[in-house]
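Structure first, then comments.
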Amino acid sequence: MARFWVCAAGAGFFLASLVLHSRFGGAPVLRKFSFQISWRTKEILYRLDVGWPKRSEYFTGTTFCVAIDSLSGLVYVAQRGDNIPKVLVFTEDGYFLRSWNYTVDTPHGIFAASTLHEQSVWITDVGSGSYGHTIKKYNSFGDLVQVLGTPGKKGTGLNPLQFDNPAELYVEDTGDIYIVDGDGGLNNRLIKLSQDFMVLWLHGERGTGPAKFNIPHSVTVDSTDRVWVADRGNKRIQVFDKDTGEWLGAWDNCFTEEGPSSVREVEGDLIYRREVSVTVKAELGVISDTATSQGMPTATRSWMRQEVDSSLALPEGT
C-alpha cells in the first residue's frame, strides 16, 4: 500500500513538473502536452439550445446569417430562397415577431446597429438581381432607409460608391462603417466610411502581402480599436488600426485547410469560424498559448477554436 502512494505522489509530481516547465521553460512538446490537459478541463462556453426558436417552421429557406440587437432584444435571421421571407425577426427568447422580404435579393451579411432613438439593421446583398451588389439599411419592420452602391450593378467605383458581392460590414456607435467588399467578385478591399458615407481610408488590392486580400469575407472591430478581417482566400486574419487604417499584423499560421469565413469579438476573446463543404465547424473550447505572429509581439490570451494546436500565434494585447 505504501508503494502505491509513493508511485501516485511521484506521478503527480511529474505531471506538475511538466506543466511548470512548459509554461516557463518553453519546450514545445511539453507545452502541447500540458495544453491538452488544461484544454480538457476548461468549461465549454457554448451549448446548443434545442428550444430556440420556439417554432421552427418559419425557416423556409437556407439560413445564412444572424444579427442580435441586444439593446432592443431582437434577433434578425436572413435566409435565401425563392418566394420566401428573406428576414425573420425573433425575440431573444425565440418567439417569432414578423418577417419581411422588401428589396432583399441574396443576403450575405447582416448587422444590427440600434441606438436609443433608432432600431436598424444593415444587410449586404450579393444577388445578381435588381437589388444585388448593395448594402442596405432597414428599420426593424423592414422599411428601406438607406442604400449604398448601385442596385443591380456591380462595379469598382468610389464616386459613386459601387460594390461587387459585398460580404459583410461592421457599424460603430459613432456611425462609421467598415466594409469588406469582394466575396469572389471584382473587388478585394476593406473600406472605412464616415457616418455621412465618405471614404475615410481604403485597402483595396488583391494579393498575399500585408494589407492585400483574397476574398475578404468578414470584419469586426474590437474593444481596443483594432479592425479584424477574415482574409479567407489567403487563409489568415489581418489586423488594422481603425483610425488610420495602418496594418498591424496577421495571423497566418492558424489555418491549414480552409480560411476563416467570419471573425467576432466576444467579451474580449476573438472567435473565428471555418467551413468545410456545407458543414460549419462549431467552436468547442478555449485554449491559451504564447507564440510569435508575423508583425506582432508575443502575448498570451484565450482563443476560441476547435483543435488544440501548440503553434497558435497571438497578437499583442488580445
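No hydrogens, no waters, no symmetry mates; every other heavy atom, side chains included, goes into these values.
- Judged purely by atom type and a 3.5 angstrom limit, His108 has no side-chain atom pairing as donor or acceptor with the backbone of Asn165.
- For Asp196, the CG atom counts as densely surrounded, since its 6.0 Å shell holds more than 12 non-hydrogen atoms of other residues, nucleotides or ligands.
- Using a 4.5 Å cut-off on side-chain heavy atoms (C-beta onward), Asp183 and His217 make contact.
- Clustering ILVMFWY residues whenever any of their side-chain heavy atoms sit less than 4.5 angstrom apart, transitively, puts Val87 in a cluster other than the one holding Val75.
- The two residues Trp100 and Ser140 make their nearest non-hydrogen contact at NE1-O, 3.5 Å.
- Annotation: cation-pi pair Arg55/Phe96 absent, no NZ/CZ under 6.0 Å from the ring centroid and within 45° of its normal.
- When all heavy atoms of Ala78 and Ile110 are compared, the closest pair comes out as CB-CD1, 4.4 Å.
- Within the 3.5 Å criterion, the main-chain N or O of Lys153 finds no donor-acceptor partner in the side chain of His133.
- In terms of modelled atom types and a separation under 3.5 Å, the side chain of Asn234 and the main chain of Gly207 share a donor-acceptor contact.
- Judged by distance alone, with hydrogens and angles left aside, the side-chain atoms of Ser72 form no donor-acceptor pair with the main-chain N or O of Leu74 at under 3.5 Å.
- The backbone N or O of Ile215 sits less than 3.5 Å from a side-chain atom of Asn188, completing a donor-acceptor pair.
- The CG atom of Asp176 sits 3.5 Å away from the OG1 atom of Thr174 when rounded to the nearest 0.5 Å.
- A perpendicular orientation is assigned to the rings of Phe90 and Tyr58, their planes being inclined by more than 60° (bins at 30° and 60°).
- Side-chain atoms of Val147 and Thr103, non-hydrogen and from C-beta on, never get closer than 4.5 Å to each other.
- Residues in residues 85-95 take part in no side-chain hydrogen bond (donor to acceptor under 3.5 Å, both in side chains) pair, two or more places apart or across chains.
- Between the Glu205 side chain and the Lys212 main chain, no donor and acceptor come within less than 3.5 Å of each other.
- Here the OH atom belonging to Tyr138 is positioned 5.5 Å from the CD1 atom belonging to Ile123, to the nearest 0.5 angstrom.
- Counted within 6.0 Å of CG on Asp173, heavy atoms from surrounding residues, nucleotides or ligands total 12 or fewer; the atom is thus considered open.
- Annotation for Phe64 and Pro107: closest pair CD2-O, 3.7 Å, computed over non-hydrogen atoms.
- From Ile177, atom CD1 reaches atom NZ of Lys137 across 8.0 Å, with rounding to the nearest 0.5 Å.
- With values rounded to the nearest 0.5 angstrom, Leu169 atom CG is found 11.5 Å from Asp181 atom CG.
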(message) Walk me through whether Asn214 and Arg206 qualify under side-chain contact (heavy atoms from CB on, under 4.5 Å).
(response) CA-CA 6 Å; Asn214 180 11; Arg206 180 183 176 91; 3.1 Å; yes

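- Note: the hydrophobic cluster containing Val145 does not contain Leu148 (ILVMFWY, side chain heavy atoms under 4.5 Å, direct or indirect links).
- More than 12 heavy atoms of other residues, nucleotides or ligands lie within 6.0 Å of CG in Asp49, so this atom counts as buried by the packing criterion.
- Here the options are Val126, Asp105, Thr63, Val104, the test is side-chain contact (heavy atoms from CB on, under 4.5 Å), and the partner is Arg80; only Val126 passes.
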(request) Show your reasoning for whether side-chain contact (heavy atoms from CB on, under 4.5 Å) applies to Lys192 and Asp243. (result) CA-CA 9 Å; Lys192 179 179 181 179; Asp243 294 322; 4.3 Å; yes

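- No side-chain heavy atom of His203 sits under 4.5 Å from any side-chain heavy atom of Gln238.
- Screening residues 159-184 for ring-ring contact (aromatic ring centres under 6.0 Å, His included) gives Phe111-Tyr170 as the qualifying pairs, with residues at least two apart or on separate chains.
- Between Leu71 and Leu116, some side-chain heavy-atom pair lies under the 4.5 Å cut-off.
- Transitive grouping of hydrophobic side chains (ILVMFWY, heavy atoms separated by less than 4.5 Å) brings Ile135 and Trp201 into a common cluster.
- Of all the heavy atoms in Asn101 and Pro85, the pair that sits closest is CB-CA, 4.0 Å.
- Nearest approach of Phe240 to Leu248, heavy atoms of both residues: C-CD1, 3.7 Å.
- Arg232 and Ser218 share no donor-acceptor pair across their side chains, judged by distance under 3.5 Å alone.
- The number of heavy atoms from other shown groups lying within 6.0 Å of OH (Tyr131) does not exceed 12.
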(message) Please evaluate residues Val121 and Asp69 with respect to the criterion side-chain contact (heavy atoms from CB on, under 4.5 Å), reporting the C-alpha separation (whole Å), side-chain torsions for both, the decisive distance (0.1 Å), and the verdict.
(response) CA-CA 9 Å; Val121 58; Asp69 180 357; over 6 Å; no

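- Atom-to-atom distance recorded for Thr220:OG1 and Arg264:CZ is 6.0 Å, nearest 0.5 angstrom.
- Residue Leu200 is grouped with residue Val221 when hydrophobic side chains (ILVMFWY) are merged at heavy-atom distances under 4.5 angstrom, including chains of intermediate members.
- Under the 4.5 Å side-chain contact rule for hydrophobic residues, Leu193 and Val227 share a cluster.
- The environment of Lys242 atom NZ is dense: over 12 non-hydrogen atoms of other residues, nucleotides or ligands sit within 6.0 angstrom.
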(request) For the pair Thr60 and Gln79, evaluate side-chain contact (heavy atoms from CB on, under 4.5 Å) and give the outcome as yes or no after the intermediate values. (result) CA-CA 8 Å; Thr60 54; Gln79 57 180 358; 3.4 Å; yes

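- Remark: the backbone N or O of Gly155 is paired with a side-chain donor or acceptor of Asn187 at under 3.5 angstrom.
- The CG atom of Asp231 sits 12.0 Å away from the NZ atom of Lys235 when rounded to the nearest 0.5 Å.
- Residue Arg189 comes nearest to Leu202 through the heavy atom pair CB-CD1, 3.9 Å, listed as atom of the first residue, atom of the second, then distance.
- Residue pairs meeting the side-chain hydrogen bond (donor to acceptor under 3.5 Å, both in side chains) criterion with at least one partner in residues 120-130, sequence neighbours excluded, are Asp125-Lys136.
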